[in-house]
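Owing to the predicted nature of the structure, the values given are computational and were not obtained by experimental measurement. Per chain, numbering begins at 1; letters A, B, ... match sequence-line order.
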2 protein chains.
Amino acid sequence: MTIAPRHLSPRATGQQVYEDLHGRIVRGELRPGASLTEARIGEAYGLSRTPVREVFWRLNEEGFLRVIPQVGTFVAPISVPAVRDAQFVRETLECRAVADAAGLATPADVLALQRLIQDQRSSIADGDFANFFALDEQMHRHLMLIAGHPFVWQVITSAKAQLDRVRFLSLEQGTWPAMILEQHATIVDCIARHDAAGAVAIMTAHLRTAFAAIERIAAEHPDFFEGSEPSGIAAIFRKRA
Amino acid sequence: MTIAPRHLSPRATGQQVYEDLHGRIVRGELRPGASLTEARIGEAYGLSRTPVREVFWRLNEEGFLRVIPQVGTFVAPISVPAVRDAQFVRETLECRAVADAAGLATPADVLALQRLIQDQRSSIADGDFANFFALDEQMHRHLMLIAGHPFVWQVITSAKAQLDRVRFLSLEQGTWPAMILEQHATIVDCIARHDAAGAVAIMTAHLRTAFAAIERIAAEHPDFFEGSEPSGIAAIFRKRA
DNA sequence: TCTTGCATTCTTGTATACCAGGATACTAGT
DNA sequence: ACTAGTATCCTGGTATACAAGAATGCAAGA
């Protein structure tokens with residue numbers, strides 16, 4: 001692999017490793033139970049163990065890895081209760097925020113939101129889904145900004161990570177963008193006419209679209225979820241008993 | 001200083017350093033702008049830089065430290081907007097949770113809560129405030145459990161850390177416990193008769209007691225807060241410009 | 001006296017060497 | 001054939017050595 005010409009800036013290299021591993025876990029390329037060792041990953045990226053170690057530790061705290069001292073580091077399974085609670089966090093915070101935003105939004109804010117909607121429409125028309133998802137994120141963050149709580153976004157981000165892992169398993173992203181755009185536009189309309197209740201209703205539905213199918217997804221991909229996996233770290237814990 | 005006989009369990013030593021530094025920052029013993037170096041702290045605790053480094057990184061991510069590469073590590077000032085948003089997070093999540101709990105609580109749950117209230121009353125009577133605050137935390141966590149969202153508590157915990165830092169500056173903890181206990185009891189009463197709206201109202205007031213005085217506290221302790229500190233890391237950034 | 005340049009020193013970032021403990025595979029004994 | 005014991009390997013945990021950059025102090029010149 002070997003990235004990092006280095007010299008860019010300290011800790012930038014580790015950041016890149018983090019983003020790469022994080023993405024591979026969320027996208028399911030690294031399956032739960034997969035074993036990662038500091039030495040191997042470090043070798044793959046042309047780094048020593050030290051910076052890789054910090055990345056592992058960060059992913060461990062976020063619930064993506066399980067570091068077992070003297071044994072190994074493994075990709076963590078998805079915990080359904082944890083995902084459920086992440087949904088609770090995101091839905092609760094974003095819904096109250098959008099209600100506040102509906103009350104606080106200035107004409108300039110509404111204009112900015114409408115511009116974001118336009119950009120999203122263009123992205124879909126161009127088939128540039130990566131950009132669309134970036135704009136999606138940007139819009140939700142902007143709503144939090146209008147509500148006057150910019151720092152809350154990082155809480156949402158950590159919750160979202162768990163949800164994205166499930167969302168990716170549903171694979172149905174092909175047809176979703178249009179619906180998401182529709183919901184975004186409706187939310188902005190509600191905000192424009194200061195309809196807090198309407199905005200909350202749409203936001204709730206919006207945030208639940210990806211979450212709704214979790215039971216079905218868990219049934220279809222049992223090896224990704226916690227509880228009686230056939231292989232992976234479950235085997236380790238089983239042998240411990 | 002020198003703790004850690006080691007051999008207890010891996011990473012336990014670092015955990016102790018974390019808790020100690022965290023406590024000293026929250027309690028204000030380490031003032032914003034104070035300089036910490038990995039080597040000095042490591043020496044003080046009888047550890048090498050490696051485990052201390054991970055502690056620094058963690059405190060940095062939580063907003064308690066500012067690590068500036070090749071320069072040093074400093075205790076971060078309190079950011080009023082960050083505290084405000086932490087309050088938003090805690091209040092929003094706990095209020096919805098307590099409403100859910102009011103609907104979901106079984107007689108056994110109510111009994112457990114009432115027992116917690118009794119324990120809190122005993123602690124105050126004994127003057128054991130440390131135990132009281134532990135029971136306070138336990139009660140809030142238990143409410144989240146009744147609401148069916150155990151994992152949300154760790155989100156609250158990180159938000160609470162920022163709030164505790166402000167709360168400590170208010171110093172008025174001597175007369176508070178009685179009031180807090182009163183509020184706790186009222187919340188449990190609301191839950192017992194499934195009065196969600198009432199529980200939310202009391203919980204909101206309860207959570208805002210510590211937060212209410214933030215403006216005054218910021219005015220009384222300007223050196224603890226972000227924005228035009230007379231000394232500390234502000235001086236560094238000033239020189240950069 | 002003030003400014004400018006340099007060298008020293010201190011910081012974190014990174015790499016590497018060593019330690020302790022658990023998992024595994026092999027071997028000896030039954 | 002199977003079980004128990006043991007030796008080895010592999011893991012993360014820790015300590016330490018080295019590198020790169022920034023701040024500071026001093027000295028030399030104007």
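Distances shorter than 4.0 Å separate none of the side-chain N or O atoms of T50(B) from OP1 or OP2 on dT16(D).
In terms of modelled atom types and a separation under 3.5 Å, the side chain of S158(B) and the main chain of V155(B) share a donor-acceptor contact.
Here R53(B) lies in heavy-atom contact (under 4.0 Å) with a base.
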Just the table, please: protein N/O against nucleotides 7-11 of chain C N/O, every pair under 3.5 Å.
unit_1: dT11(C); atom_1: OP1; unit_2: R40(B); atom_2: NH1; d: 3.4

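Here the P atom of nucleotide dT12(C) and the CG atom of N60(B) are 12 Å apart, to the nearest Å. The nearest whole Å value for the distance from the CH2 atom in W57(B) to the P atom in dT14(C) is 10 Å. As a whole-Å value, the separation of R49(B) CZ from dT16(C) C1' is 14 Å. The CG atom of L47(A) sits 14 Å away from the C1' atom of dT16(C) (whole-angstrom rounding). Atom CD of E43(A) and atom P of dG12(D) are 14 Å apart (whole Å).
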Which side-chain N or O atoms in residues 76-84 of chain B pair as donor and acceptor under 3.5 Å with protein atoms at least two apart or in another chain?
unit_1: S79(B); atom_1: OG; unit_2: A82(B); atom_2: N; d: 3.2
unit_1: R84(B); atom_1: NH2; unit_2: E215(B); atom_2: OE2; d: 3.4

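Aromatic ring pairs are classed by plane angle as parallel below 30°, tilted from 30° to 60° and perpendicular above 60°; the pair H206(A) and H140(A) is parallel.
Under 4.0 Å is where a charged nitrogen must lie from a carboxylate oxygen, and between E94(A) and R208(A) no such pair does. Electrostatic pairing of E54(A) and R58(A) does not count as a salt bridge here, judged by no charged N lying under 4.0 Å from a carboxylate O.
Proximity note for S48(B) (side chain, C-beta onward) versus dT12(C), dA15(D), dG13(D): the nearest is dA15(D).
With sequence neighbours excluded, no residue satisfies side-chain hydrogen bond (donor to acceptor under 3.5 Å, both in side chains) with D128(B).
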